[in-house]
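These numbers come from a predicted model, not from an experiment. Computed over heavy atoms, backbone and side chain alike; hydrogens, waters and symmetry mates excluded.
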Protein chains: 2
Amino acid sequence: MKRIAESTVRRLSAYLRFLEEFEAHGHQTISSGELAAQGGTTSAQVRKDLSFFGSFGKRGLGYSVSALSTSLREILGLGRQWNVVIVGAGKIGAALAQYNGFRDRGFKVVAVYDFDPARVGRTLDGVVVRDQKELESDIAKLKAHIALIAVPAEAAQQLVDRVVRAGVKAILNFAPTPLTVPAGVTLRSVNMALELEILSYALVNSDD
Amino acid sequence: MKRIAESTVRRLSAYLRFLEEFEAHGHQTISSGELAAQGGTTSAQVRKDLSFFGSFGKRGLGYSVSALSTSLREILGLGRQWNVVIVGAGKIGAALAQYNGFRDRGFKVVAVYDFDPARVGRTLDGVVVRDQKELESDIAKLKAHIALIAVPAEAAQQLVDRVVRAGVKAILNFAPTPLTVPAGVTLRSVNMALELEILSYALVNSDD
DNA sequence: GCGCTCTTGTGAATCATTTCACAAGGTAAC
DNA sequence: GTTACCTTGTGAAATGATTCACAAGAGCGC
């Protein structure tokens, strides 16, 4: 299959969210135009995005809300539970551990790790903070698929290396530093200071 | 001036971070190739990005680290302090209020708001949580430039409307829902569940 | 069945971004 | 000053993403 652009995957995710809302409201079908209006895009974009994966609609009628939901969940790999470990129990790590938005979509936080003995043993929303020494053995034992990195920038690369060696294939990084991973491992980064800097740029250039 | 792509601004921000590291290490000049290596891009990309804003380098030599840092800070609007209000003192709002990465780059959290009386009056890292009723009057009084929205999805749009009416021109949204703002206001969103779904897609499609 | 209306799926065209490739300009050694 | 060597800045080419536009189906009323 042809490689799909990240922007497309991002939109599919958004479409799924809207479909779930529509389903909750009891709607049976939805057109590409209605889906586009929700997501701030165009009907052609919606149809093109879906066309990479097949034909899901009926001409003249639109898409079956439930059938398309199911297909999108399948495409995105959301039909199953993903086990997530969080590395770093500081402010961000703790907030992530307690965030309901993950659980609701099939992502289960199975463990949280920290270096600081003062934090080890505490409970965050039902998950006990463990010592980072147990990282490698736990990842195998708990069958963790995804790691969230929420440690200071200086420590991030070494912890990424450790979770990769332990078998994790997908990482979401919150440390404000660029990281490298070997081929076959997917790394994404969320950098909140960077987002604010983009806003700063927009503020000083809003007049053109 | 021609409109600059967001991807370009994002990279400029990254370059600035590397330049600061280089400066701390006592380096005087840096080439586009060295800058590119740090940021995982190419030297041509670095030069093209900078060329939108002027000529900063010397042929045969590269860029002056300190001069380019200064120019980038100017371009990004980081030479000044931006006042930030956080709306929502739940897990995410609290983590944001206490995050040092903002302060270090000129973003000052001047106020935090919540609906819940149990949270109002608490202190988060030196900033008192205030009642949302005071939102409008405070934004004017505190000269807030940027609002971070960290409330449940259902409440997000109405709070965006309120901060926009109060004069905020830049918003960073953490609620997992699409929002609309009038022209002249910049809105960006960080959706952590969405990031995990993109990882999920990568995991189930890693074999092609 | 026929005509009317609606909406999909998709090549082609447009628009945006990245990469290439190289002339021009600058440094440094001798 | 001349030569050898670097690195920038930038048009042009290539690649990638979005939008356009329309033929092909599908439902519905009569």
Side-chain angles (χ1 to χ4, degrees), chain A residues 1-15 18-19 22 27-72 75 198 201-202 205 208, chain B residues 1-15 18-19 22 27-72 75 178 198 201 205 208:
Chain A
M1 191 195 290
K2 197 167 150 285
R3 207 189 134 273
I4 303 299
E6 185 205 301
S7 52
T8 298
V9 178
R10 183 174 287 274
R11 283 191 300 266
L12 292 179
S13 232
Y15 302 156
F18 306 141
L19 285 169
F22 256 73
H27 293 72
Q28 302 283 310
T29 62
I30 187 173
S31 70
S32 57
E34 292 171 288
L35 214 36
Q38 289 291 316
T41 179
T42 66
S43 64
Q45 181 81 78
V46 171
R47 295 198 301 276
K48 185 67 97 179
D49 287 340
L50 296 176
S51 77
F52 291 129
F53 299 94
S55 290
F56 303 101
K58 273 203 172 60
R59 295 174 187 222
L61 193 62
Y63 302 89
S64 152
V65 172
S66 66
L68 187 55
S69 294
T70 303
S71 297
L72 285 179
I75 291 166
I198 296 173
Y201 174 82
N205 293 281
D208 54 22
Chain B
M1 192 194 289
K2 197 170 149 283
R3 206 189 133 275
I4 303 297
E6 186 205 299
S7 53
T8 298
V9 178
R10 185 174 284 274
R11 283 190 301 265
L12 292 178
S13 230
Y15 302 156
F18 306 141
L19 285 169
F22 256 73
H27 292 74
Q28 302 283 310
T29 61
I30 188 171
S31 70
S32 58
E34 293 171 288
L35 215 35
Q38 290 291 317
T41 178
T42 67
S43 63
Q45 180 81 79
V46 171
R47 295 198 300 278
K48 185 67 94 181
D49 286 340
L50 296 175
S51 77
F52 291 129
F53 300 94
S55 290
F56 303 102
K58 274 204 173 58
R59 294 174 185 223
L61 193 61
Y63 301 88
S64 153
V65 172
S66 66
L68 187 55
S69 294
T70 303
S71 298
L72 285 180
I75 291 165
I198 297 173
Y201 174 82
N205 292 281
D208 53 22

With heavy atoms under 4.0 Å as the rule, sort B:S32 into base, sugar-phosphate or nothing.
->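 The residue B:S32 makes sugar-phosphate contact but no base contact.
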
Kindly point out which of [options] is positioned nearest to the side chain of [X]?
X	options	value
A:Q45	D:dT8, D:dT19, C:dT18	D:dT19
B:R47	C:dA21, D:dT18, C:dT10	C:dA21
B:R11	C:dT18, D:dT7, D:dA17	C:dT18

Would you call [X] and [Y] a side-chain contact if the rule is heavy atoms closer than 4.5 Å?
X	Y	value
B:F52	B:V9	no
A:D49	A:I4	no
A:Y15	A:L68	no

Minimum heavy-atom distance between [X] and [Y], given as atom pair plus value:
X	Y	result
B:E34	B:S31	OE1-N, 2.9 Å
A:L50	A:F56	O-CE1, 3.5 Å
A:S32	A:V46	O-CG2, 3.8 Å
B:P178	A:Q38	CG-O, 3.8 Å

[atom1] of [X] versus [atom2] of [N]: gap in Å, rounded?
X	N	atom1	atom2	result
B:E34	D:dC6	CD	C1'	12 Å
B:F53	D:dG9	CZ	P	14 Å
A:K48	D:dC20	NZ	P	13 Å
B:Y15	D:dT8	OH	P	12 Å
B:D49	C:dA16	CG	C1'	14 Å
A:L50	C:dT7	CG	P	16 Å
A:E6	D:dG16	CD	C1'	14 Å

Check whether any side-chain N or O of A:R3 sits under 4.0 Å from OP1 or OP2 of D:dG16, and answer yes or no.
->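 False: A:R3 side-chain N/O out of range (4.0 Å or more) of D:dG16 OP1/OP2.
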
A:T42 side-chain N/O to D:dT19 phosphate OP1/OP2 under 4.0 Å =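 Yes, within the criterion.
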
For A:S7 and for B:I30, find the nucleotide of DNA chain D with the closest heavy atom, then tell me which residue's nucleotide is more 5'.
->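 Looking at the nearest nucleotide for each, B:I30 comes out on the 5' side.
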
In residues 54-68 of chain A, what residues come within less than 4.0 Å of DNA chain C, judged by heavy atoms?
->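 Of all residues in residues 54-68 of chain A, the ones placing a heavy atom under 4.0 Å from DNA chain C are A:S55, A:F56, A:G57, A:K58, A:R59, A:G60, A:L61, A:G62, A:Y63.
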
